[in-house]
Number of protein chains: 2
Amino acid sequence: MTDARAAAAPEPTPGGATARDRAKAERRAALLSAAARLFAERGFPRVSLDELGAAAGVSGPAVYKHFVSKQSVLAAILVEASEGLLAGGRAVIGAAGADARAALEGLVAFHVDFALSNADVIRVQDHDLDSLADDDRHAVRALQRQYVELWVDVLARLRPAEARVALRTRAHACFGLINSTPHSSRAGARVTRSILEAMALAALTA
Amino acid sequence: MTDARAAAAPEPTPGGATARDRAKAERRAALLSAAARLFAERGFPRVSLDELGAAAGVSGPAVYKHFVSKQSVLAAILVEASEGLLAGGRAVIGAAGADARAALEGLVAFHVDFALSNADVIRVQDHDLDSLADDDRHAVRALQRQYVELWVDVLARLRPAEARVALRTRAHACFGLINSTPHSSRAGARVTRSILEAMALAALTA
DNA sequence: TGAACCGGTGAGCGGGCGTTAACCGAACGA
DNA sequence: TCGTTCGGTTAACGCCCGCTCACCGGTTCA
């Protein structure tokens with residue numbers, strides 16, 4: 001009975017690392033996605049480690065083989081999300097070049113897309129941010145601030161007369177508008193996407 | 001030494017009830033406002049009853065002389081807010097009569113005003129709603145749904161061709177836009193108010 | 001092949017916190 | 001004036017839960 005397994009197990013290590021490493025990475029990913037869903041549903045403090053582990057197929061303190069604490073699971077989710085948002089925003093702006101209007105439209109489309117496909121993370125972000133330890137929260141806030149400034153820069157090109165404080169308020173309001181998706185996704189994704197994009201652009205360029 | 005107090009204490013009971021009743025009502029109000037602030041700052045599960053009591057001048061289990069549980073404090077805040085929102089919305093629509101555009105502008109102004117002067121409650125509302133017991137949450141949700149339908153009715157008058165599902169998405173997005181205030185009130189209240197009103201109307205009537 | 005590694009488990013500790021219990025003193029009502 | 005009411009206090013219970021510990025069995029690698 002060893003032959004079959006011997007043929008299956010020692011594959012040329014497609015991930016580039018040992019089988020145990022790949023299994024561990026999968027577990028970690030499963031934990032993160034389960035955590036995002038659970039935190040979004042009930043809020044960070046009301047999810048126990050036992051529940052979290054169970055949702056990923058392991059049970060209880062096994063989480064500590066992947067994260068140093070419950071808080072660090074939350075931190076991993078939020079840092080990853082903030083970095084993704086910032087990187088994506090930069091890419092969009094770079095692609096638009098000097099065309100400020102195109103940059104704004106790209107940012108809106110990108111953010112709507114992110115919100116629609118990461119509703120859980122959105123919920124967690126403005127739900128449980130202050131359950132983070134101070135340094136983690138500062139890190140996430142710093143990333144978010146950079147992302148906001150990305151928007152403000154683009155808006156400043158379109159509305160040179162307006163103060164940056166006001167533009168910042170506009171950007172935050174626009175995020176609130178787009179991030180309303182998790183609370184209201186009754187309509188289909190296609191309709192929701194086009195409604196949100198139109199509303200956001202109208203609100204920003206009126 | 002009785003004379004001075006005898007002259008001061010038995011006032012004609014200005015509140016209409018006994019002095020003890022008035023004191024109790026004040027305590028209850030103090031507890032509610034302290035709770036709104038604390039819940040907004042740190043989230044419902046991370047505020048202990050001792051902290052809550054201390055913030056209102058009493059300490060610890062004295063809260064149980066005014067509320068049957070910690071959850072019921074949260075429920076009182078959210079039910080009161082939702083009822084206020086619904087009643088205010090109805091009043092605004094009634095005052096506008098047949099002019100749908102005026103009704104919408106009134107709703108926007110009213111909601112912006114509410115969000116600016118009740119930032120704490122706004123934060124608590126979309127932070128800790130699911131920390132409520134099932135029946136309380138259902139009650140709040142029912143009130144919120146009626147408020148949303150108020151907006152949808154007005155929007156339907158202005159956009160007769162659009163499906164109500166889509167209009168509901170628009171309403172939620174608009175709430176998200178306006179309710180972004182607590183996250184971004186860096187600019188002054190006056191500027192913020194006019195920016196939010198303009199953005200909301202632009203988003204809804206584009 | 002065998003020692004080291006490592007991710008998983010179950011048991012258990014310790015602290016925080018919601019809630020209850022027993023009691024006290026002032027305000028109230030007859 | 002005197003019994004009752006009632007809002008307040010302190011002490012303590014009991015549970016939940018984050019986290020640690022001791023241990024186990026398969027994978028890895030020399």
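Just so it is clear, the model here is predicted, and its values are computed rather than measured. Throughout, protein chains are lettered first and strands after them, A, B, ... in sequence-line order, and every chain is numbered starting at 1.
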Exercise for review: Inspect the contact between B:D21 and B:K24 and indicate whether a charged nitrogen and a carboxylate oxygen are less than 4.0 angstrom apart.
Suggested key: no
Check your understanding: Could A:R123 and B:D126 be called an ion pair, given the rule that one side-chain N must be under 4.0 Å from one carboxylate O?
Key ->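 No.
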Distance-only criterion, 3.5 Å: show the donor-acceptor pairs between side-chain atoms of residues 103-117 of chain B and protein atoms not counting sequence neighbours.
| residue | atom | partner | partner atom | Å |
| --- | --- | --- | --- | --- |
| B:E105 | OE2 | B:R101 | NE | 2.8 |
| B:E105 | OE2 | B:R101 | NH2 | 3.3 |
| B:D113 | OD1 | B:R193 | NH1 | 2.5 |
| B:S117 | OG | B:D113 | O | 2.6 |

Point to revise | Test log, rule side chain to side chain contact (heavy atoms under 4.5 Å, CB included), inputs A:K65 and A:R27 | key: CA-CA 10 Å; A:K65 301 293 180 177; A:R27 269 286 147 72; over 6 Å; no
Whole-Å distance separating the [atom1] atom of [X] from the [atom2] atom of [N]:
| X | N | atom1 | atom2 | value |
| --- | --- | --- | --- | --- |
| B:R27 | D:dC6 | CZ | C1' | 13 Å |
| A:K24 | C:dG8 | NZ | P | 8 Å |
| B:E26 | D:dG7 | CD | C1' | 14 Å |
| B:E51 | C:dC17 | CD | P | 7 Å |

Practice item. Can you see which heavy atom on B:A187 is nearest to which on B:T192, and at what distance? Key: O-OG1, 3.4 Å
Review point. What pair of heavy atoms forms the shortest contact from A:L129 to A:Q125, and how long is it?
Key: CB-O, 3.4 Å
Every protein N/O within reach of nucleotides 28-30 of chain C N/O, cut-off under 3.5 Å:
| residue | atom | partner | partner atom | Å |
| --- | --- | --- | --- | --- |
| C:dC28 | OP1 | B:T18 | OG1 | 2.5 |
| C:dC28 | OP1 | B:A19 | N | 2.9 |
| C:dC28 | OP1 | B:R20 | N | 3.1 |
| C:dC28 | O5' | B:T18 | OG1 | 3.4 |

Exercise for review: Determine the interplanar angle of the B:F39 and B:F44 rings, folded into 0 to 90°, and report it as parallel if under 30°, tilted if 30 to 60°, perpendicular if over 60°.
Suggested key: perpendicular
Review point. Does any residue of residues 67-77 of chain A have a heavy atom under 4.0 Å from DNA chain D, and if so, which ones, in number order?
Key: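 Going residue by residue through residues 67-77 of chain A, the ones with a heavy atom under 4.0 Å of DNA chain D turn out to be A:S69, A:K70.
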Point to revise | Within residues 38-50 of chain B, residues whose heavy atoms come under 4.0 Å of DNA chain D | key: none
Practice item. Taking atom CD of A:E80 as the centre, report whether more than 12 heavy atoms of other residues, nucleotides or ligands fall under 6.0 Å from it. Key: no
Exercise for review: For B:R168 and A:R186, indicate whether the former's side chain and the latter's backbone hold a donor-acceptor pair under 3.5 Å.
Suggested key: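 Not a single qualifying donor-acceptor pair exists.
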Exercise for review: Would you confirm whether A:Q71, through its side chain, and A:S131, through its main-chain N or O, come within 3.5 Å as a donor-acceptor pair?
Suggested key: yes
Exercise for review: Using side-chain contact (heavy atoms from CB on, under 4.5 Å) as the criterion, point out the one residue from A:L201, A:T181, A:V191 that pairs with A:L196.
Suggested key: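 Going through the options one by one, the only one that passes is A:T181.
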Practice item. Look at the side-chain N and O atoms of B:R28 and state whether any lies under 4.0 Å from the OP1 or OP2 oxygen of D:dG7. Key: no
Shorter than 3.5 Å, N or O on both sides, protein versus nucleotides 9-13 of chain C: list them out with atom names.
| residue | atom | partner | partner atom | Å |
| --- | --- | --- | --- | --- |
| C:dT9 | OP2 | A:S59 | N | 3.1 |
| C:dT9 | OP2 | A:S59 | O | 3.3 |

Practice item. Please identify each residue that fulfils salt bridge (charged side-chain N to carboxylate O under 4.0 Å, His left out) with B:D135, with sequence neighbours left out. Key: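 Residues passing salt bridge (charged side-chain N to carboxylate O under 4.0 Å, His left out) with B:D135: none at all.
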